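In this chain, residues are counted from 1 in sequence order. Just so it is clear, the structure is predicted and the values come from calculations on it, not from any experiment.
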Amino acid sequence: MFLLNTSEVEVSTFLLIGIPGLEHAHIWISIPICLMYLMAILGNCTILFVIRTEHSLQDPMYYFLSMLALSDLGLSSSSLPTMLRIFLFNNMGISADTCIAQEFFIHGFTDMESSVLLIMSFDRLVAICNPLRYSSILTSFRVLQIGLAFAIKSILLVLPLPFTLKRLRYCNKHLLSHSYCLHQDVMKLACSDNRVNFYYGLFVALCMMSDNVFIAISYVFILKTVLGIASHGERLEALDTCVSHICAVLVFYVPIITLATMRHFAKHKSPLAMILIADAFLLVPTLMNPIVYCVKTWQIGVKVLEKLALKPK
């Protein structure tokens, strides 16, 4: 830090926060967080390995599942090591440049995961509403094009965020609200005009929420098609192919929507509750997605058991 004038000191290091009131238990809290992180890495890497090595899983649905696993790996790897550093070593300091870089990766992979969930809803829409043309519509080349297009979109969407934060001055205030860096959290510490950051951050949030809207629209058409099927058994079979995706959507969006609702509408916000929900947003989806898809998608589950030499006789 260095002196600007008699009243302002420019901040070059921010302080992250653990769980207020439970500082004495941080070392114990780090154990389940570490286990969840390792399980998330192992689960997503296993899915990627199985899909990559099994020719029977060379299908658009599994390609999109690979994209989801990559997004989960990126999201967990860009945030959880910082959390573990806080809980294990009580090291809460983070340089401004590192913090800004971290928020870029967190927001980038968050938007990428949201985009992949949208793509997967389109995949289910085509599979159920137009099954005869599924293979011709979603060819391997087209899947690659869609994946690259949405990845580039996510990068370009969040690319201005670190530059808009970098141009701000930070003085006096240096305590962040979470165990990792977020754009809106860093922005609030600025002592210079941050209106550009506010409006562009709002635009990024609305873009992500639009994915949620299009996912909902996709399921409206899916339900309309399913309800038009005469056989009750075929209806259940069609809906069962969507269960894994619905679970992934709920696990991803419920913490985001809950946190946004509490931040903007709750009169008496609990800082502890907001921190726990924010941590769950990063921990739970990356851990649960591999579990859900292994349990609900029997092809994945069987191939995983085969790789582990545990296939039932």
Side-chain angles (χ1 to χ4, degrees), residues 40-41 44-45 47-48 51 60-82 98-125 138 141-166 178 180-187 196-218 245 248-257 259-260 278 281-286 289-290 293:
I41 296 294
N44 285 292
C45 286
I47 284 182
L48 287 172
I51 293 175
M61 182 178 76
Y62 300 110
Y63 292 146
F64 294 138
L65 180 55
S66 297
M67 297 178 195
L68 184 66
L70 286 171
S71 301
D72 282 336
L73 285 172
L75 189 58
S76 59
S77 298
S78 59
S79 56
L80 293 186
T82 304
T98 303
C99 188
I100 290 172
Q102 185 185 52
E103 66 84 24
F104 167 75
F105 285 109
I106 289 176
H107 288 293
F109 283 114
T110 298
D111 185 78
M112 198 175 296
E113 181 145 349
S114 178
S115 297
V116 173
L117 290 173
L118 172 60
I119 299 170
M120 294 175 82
S121 71
F122 175 71
D123 170 77
R124 292 299 84 206
L125 177 66
L138 292 175
F141 181 67
R142 191 162 292 163
V143 167
L144 179 62
Q145 285 181 314
I146 293 172
L148 284 175
F150 275 90
I152 293 171
K153 185 270 292 184
S154 297
I155 293 171
L156 294 179
L157 182 64
V158 302
L159 189 59
L161 294 180
F163 294 103
T164 57
L165 287 177
K166 188 69 176 174
H178 300 293
Y180 47 86
C181 297
L182 295 176
H183 173 263
Q184 62 270 25
D185 205 13
V186 177
M187 175 190 72
V196 172
N197 301 73
F198 173 79
Y199 288 117
Y200 191 77
L202 180 62
F203 171 72
V204 172
L206 290 175
C207 287
M208 190 181 301
M209 286 299 104
S210 69
D211 291 344
N212 198 14
V213 173
F214 287 121
I215 290 171
I217 293 172
S218 297
H245 179 254
V249 170
L250 292 176
V251 165
F252 180 75
Y253 279 109
V254 167
I256 295 178
I257 295 173
L259 195 62
F281 155 65
L282 292 180
L283 289 167
V284 176
T286 56
N289 285 340
Y293 275 95

Does Y63 have any ring pair (Phe, Tyr, Trp, His ring centres under 6.0 Å) partners at least two apart in sequence or in another chain, and if so, which? none
Check whether any side-chain heavy atom of M61 sits under 4.5 Å from a side-chain heavy atom of L138, and report yes or no. no
Any F203 side-chain heavy atom under 4.5 Å of L157 side chain: yes
Could you measure the distance from the CD1 atom of I106 to the CG atom of D111? Nearest 0.5 Å is fine. 14.0 Å
Quick one: are F109 and L73 in side-chain contact, heavy atoms under 4.5 Å? no
N289 side-chain N/O to P285 backbone N/O, donor-acceptor pair under 3.5 Å: yes
Shortest non-hydrogen contact from M120 toward L68: SD-CD2, 4.1 Å
Non-hydrogen side-chain atoms of F141 and Q145 separated by less than 4.5 Å: yes
Spacing of CG belonging to D72 relative to CD1 belonging to I41, to within rounding of 0.5 Å: 9.5 Å
Distance-minimising heavy-atom pair for M208 and Y253: O-OH, 3.8 Å
With the side chain counted from C-beta on, respond yes when Y180 and L80 share a heavy-atom pair under 4.5 Å apart, and no when they do not. no
Say whether, by atom type as modelled, one donor and one acceptor occur between the side chain of T286 and the main chain of L283 under 3.5 angstrom. yes
Can any side-chain N or O of H107 pair as donor or acceptor with the backbone N or O of L182 at less than 3.5 Å? no
I need the minimum non-hydrogen distance between M209 and I256, along with the two atoms involved. CE-CG2, 3.9 Å
Can you give me the closest heavy-atom contact between Y200 and L161, atom names plus distance? CD2-CD2, 3.5 Å
Nearest heavy-atom pair of M112 and S71: which atoms, and what distance? CG-OG, 3.7 Å
With rounding to the nearest 0.5 Å, note down the distance linking CD1 in I155 to CZ in F150. 14.0 Å
Exercise: identify the closest heavy-atom pair between L48 and S66: CD2-O, 3.5 Å
Can you measure from CG (L75) to CZ (F252) and round to the nearest 0.5 angstrom? 7.0 Å
Would you please name every residue forming a salt bridge (Lys or Arg N to Asp or Glu O under 4.0 Å) with D123, sequence neighbours left out? none
Pairs involving residues 205-217, ordered by first then second residue, that meet side chain to side chain donor-acceptor pair (under 3.5 Å) (sequence neighbours left out): S114-D211
Close side-chain approach of F104 to L165, heavy-atom, < 4.5 Å: no
Reported CE-to-CG distance for the pair M67 and L144, which is rounded to 0.5 angstrom: 7.0 Å
How many angstroms lie between atom NE2 of H245 and atom CG of L117, to the nearest 0.5 angstrom? 5.0 Å
Is the backbone of S78 close enough, under 3.5 Å, to the side chain of Q102 for a donor and an acceptor to pair up by distance? yes
